[in-house]
Amino acid sequence: MEQRHLGRTGLRVSRLGLGTLTWGRDTGEHDAAEQLKAFWEAGGTLVDTADVYADGAAEHLLGRLLADLVPRRDLIVATKAGGVLPPGRRTDCSRRHLLAALDDSLDRLGTDYVDVWQIHAFDPGTPLEETLQAVDIAVGSGRARYAGVCGFCGWQLAKAATWQLAAPGARTRLAGTQMEYSLLQRGIEREVLPAALDLGIGVLASSPLGRGVLTGKYRHGTPADSRGASEHLAPFVAPYLDDTATRVVDAVTTAAHGLATTPLHVSLAWVRDRPGVTAPIVGARTAQQLRAALSVEALTLPDEICQALDDVSAPVHRYPDQDWSTL
């Protein structure tokens, strides 16, 4: 699998990442092991998790597999901190919480460092400089090699990155930002993506298949074994089952037929090769599903197909993104 630099750093990661959102909850140890082995054998290196996934069970499961199945040195392990589970769900990016959460993650993962440590969300209740000082401590102590953020809007990302860049060598520059990005969700193109490109921050695209909708599986109903039929994940899928999404999925399906491939491959190749994207993060229910996604490596979409998909899925961006004289 092709490797790409994560932002303006020397860290190289596979251009597809493996997500573990469902590990330890919907995905058991056997299926997780099959997925990780298939990913590793395909040349994948980037594995993304978080301390709140399945209340820590995802990290714990990944840690067991790192000990028994795949050599730790062969993987780029990325995890997150800052999310606080219910009751009273909120974000806590205080230095106290973040550093304690990192230590807990390392314990569950069974390793003394993570390759990429990500702040899971912006915390308006904590001064940003305090959060970023925790990042510097984590990297300075060797517990994290690189740092990133998740879910930061454009001004938040720019503020954080500028703070870190204001003291070169003394502060840890942000390597990546993880955001949802797909043909059904192009909101980051408004401000986040331009900021990331300008600041040299790599984008890790979560939900690159539109929460599964872009595979076409929901075109004629909701499969019983899909996320859309799951009690706790159905609300996650529901926003992408509207008429607008249907038009995009129909266009993707038409393109797939013309290229003799699948809607999954078309959708994944589109987001993988967008400017600024380092790697989409792919989650799968089974190893078979993951192998289908990994086989996209050989596909590059023709320019005319990309343009057609851009047109049918284009978000409405007017003032101030568009020159006022054209409005």
Side-chain angles (χ1 to χ4, degrees), residues 3-15 17 45-51 75-83 91-95 97-99 101-103 105-106 111-124 126-181 188-206 274-281:
Q3 306 288 302
R4 292 173 172 172
H5 288 276
L6 180 59
R8 204 169 293 154
T9 73
L11 180 64
R12 289 166 58 83
V13 302
S14 54
R15 64 175 181 170
T45 62
L46 176 62
V47 181
D48 181 74
T49 189
D51 61 346
L75 296 179
I76 305 298
V77 176
T79 194
K80 311 177 190 73
T91 300
D92 185 348
C93 291
S94 66
R95 185 165 52 243
H97 174 80
L98 289 176
L99 294 176
L102 175 57
D103 288 339
S105 288
L106 294 176
T111 183
D112 56 3
Y113 73 96
V114 292
D115 297 282
V116 185
W117 190 47
Q118 303 162 97
I119 303 303
H120 209 155
F122 184 82
D123 178 8
T126 300
L128 183 58
E129 56 268 29
E130 179 181 336
T131 297
L132 296 175
Q133 286 165 1
V135 168
D136 294 337
I137 292 170
V139 174
S141 65
R143 287 177 282 177
R145 300 294 193 249
Y146 296 86
V149 296
C150 300
F152 277 39
C153 71
W155 73 263
Q156 293 165 352
L157 177 65
K159 183 177 181 180
T162 302
W163 171 268
Q164 296 302 84
L165 292 170
R171 298 174 185 165
T172 304
R173 71 174 300 148
L174 299 181
T177 180
Q178 187 170 152
M179 300 291 292
E180 183 170 353
Y181 190 27
I188 70 167
E189 294 176 7
R190 182 175 175 89
E191 291 186 341
V192 174
L193 194 53
L197 285 165
D198 183 72
L199 293 161
I201 297 171
V203 173
L204 300 178
S206 61
R274 297 295 285 179
V277 172
T278 298
I281 305 297

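Position 1 is the first residue of the sequence, and the numbers go up from there. Values below: every heavy atom of this structure, side chains too, minus hydrogens, waters and symmetry copies.
- Rounding to the nearest 0.5 angstrom, the gap separating the OG1 atom in Thr79 from the CG atom in Leu102 is 8.5 Å.
- For Arg171, there are no side-chain hydrogen bond (donor to acceptor under 3.5 Å, both in side chains) partners two or more places apart in sequence or in a different chain.
- Contacts of Ala160 classified as side-chain contact (heavy atoms from CB on, under 4.5 Å), with partners at least two apart in sequence or in another chain: Leu128, Leu132, Phe152, Leu174.
- When all heavy atoms are compared, the tightest approach of Ser94 to Asp92 is OG-OD1, 2.8 Å.
- A donor-acceptor pair under 3.5 Å links the side-chain atoms of Arg4 to the main chain of Val277, judged by distance alone.
- Residues satisfying the salt bridge (Lys or Arg N to Asp or Glu O under 4.0 Å) test with Arg190, not counting sequence neighbours, are Asp321.
- Applying the side-chain hydrogen bond (donor to acceptor under 3.5 Å, both in side chains) rule to Thr111 yields the partners Arg72; only residues at least two apart in sequence or on another chain are considered.
- Here the closest non-hydrogen pair linking Gly82 and Asp51 is N-OD2, 4.3 Å.
- The salt bridge (Lys or Arg N to Asp or Glu O under 4.0 Å) check on Glu180 picks up Arg211, with sequence neighbours excluded.
- Closest non-hydrogen pair, Thr91 versus Phe122, comes out as CG2-O, 4.1 Å.
- Looking at residues two or more places apart in sequence or on another chain, you find no side-chain hydrogen bond (donor to acceptor under 3.5 Å, both in side chains) involving Tyr146.
- Residue pairs meeting the side-chain hydrogen bond (donor to acceptor under 3.5 Å, both in side chains) criterion with at least one member in residues 148-160, sequence neighbours excluded, do not occur.
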Test log, rule side chain to side chain contact (heavy atoms under 4.5 Å, CB included), inputs Gln164 and Thr172: CA-CA 6 Å; Gln164 296 302 84; Thr172 304; 4.2 Å; yes
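- Nearest heavy-atom pair across Ile201 and Ala161 is CD1-CB, 3.7 Å.
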CA sep, side-chain torsions, deciding dist, call: Leu204, Thr278, side chain to side chain contact (heavy atoms under 4.5 Å, CB included): CA-CA 6 Å; Leu204 300 178; Thr278 298; 4.2 Å; yes
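- Between atom CZ of residue Arg95 and atom OG1 of residue Thr131 there is a gap of 9.0 Å, rounded to the nearest 0.5 Å.
- Here Asp136 pairs with nothing under the salt bridge (Lys or Arg N to Asp or Glu O under 4.0 Å) rule; sequence neighbours left out.
- Remark: Asp115 CG to Leu6 CG distance equals 10.5 Å, nearest 0.5 Å.
- Here OG1 of Thr45 is found 9.5 Å from CZ of Arg12. Values are rounded to the nearest 0.5 Å.
- Nearest approach of Ser206 to Gln178, heavy atoms of both residues: CB-OE1, 3.8 Å.
- In this structure, CG in Leu157 is found 8.5 Å from OG1 in Thr162, a value given to the nearest 0.5 Å.
- Here Arg145 pairs with nothing under the salt bridge (Lys or Arg N to Asp or Glu O under 4.0 Å) rule; sequence neighbours left out.
- In plain terms, the two heavy atoms of Leu199 and Ala158 that are nearest each other are CD1-CA, 3.9 Å.
- The line from OG of Ser14 to CD1 of Ile76 is 8.5 Å long, rounded to the nearest 0.5 Å.
- Partners of Thr49 by side-chain hydrogen bond (donor to acceptor under 3.5 Å, both in side chains), not counting sequence neighbours, listed by chain and number: Thr20.
- Here Leu197 pairs with Leu193 under the side-chain contact (heavy atoms from CB on, under 4.5 Å) rule; sequence neighbours left out.
- With sequence neighbours excluded, the residues satisfying side-chain contact (heavy atoms from CB on, under 4.5 Å) with Ala78 are Leu46, Asp48, Val116, Gln118.
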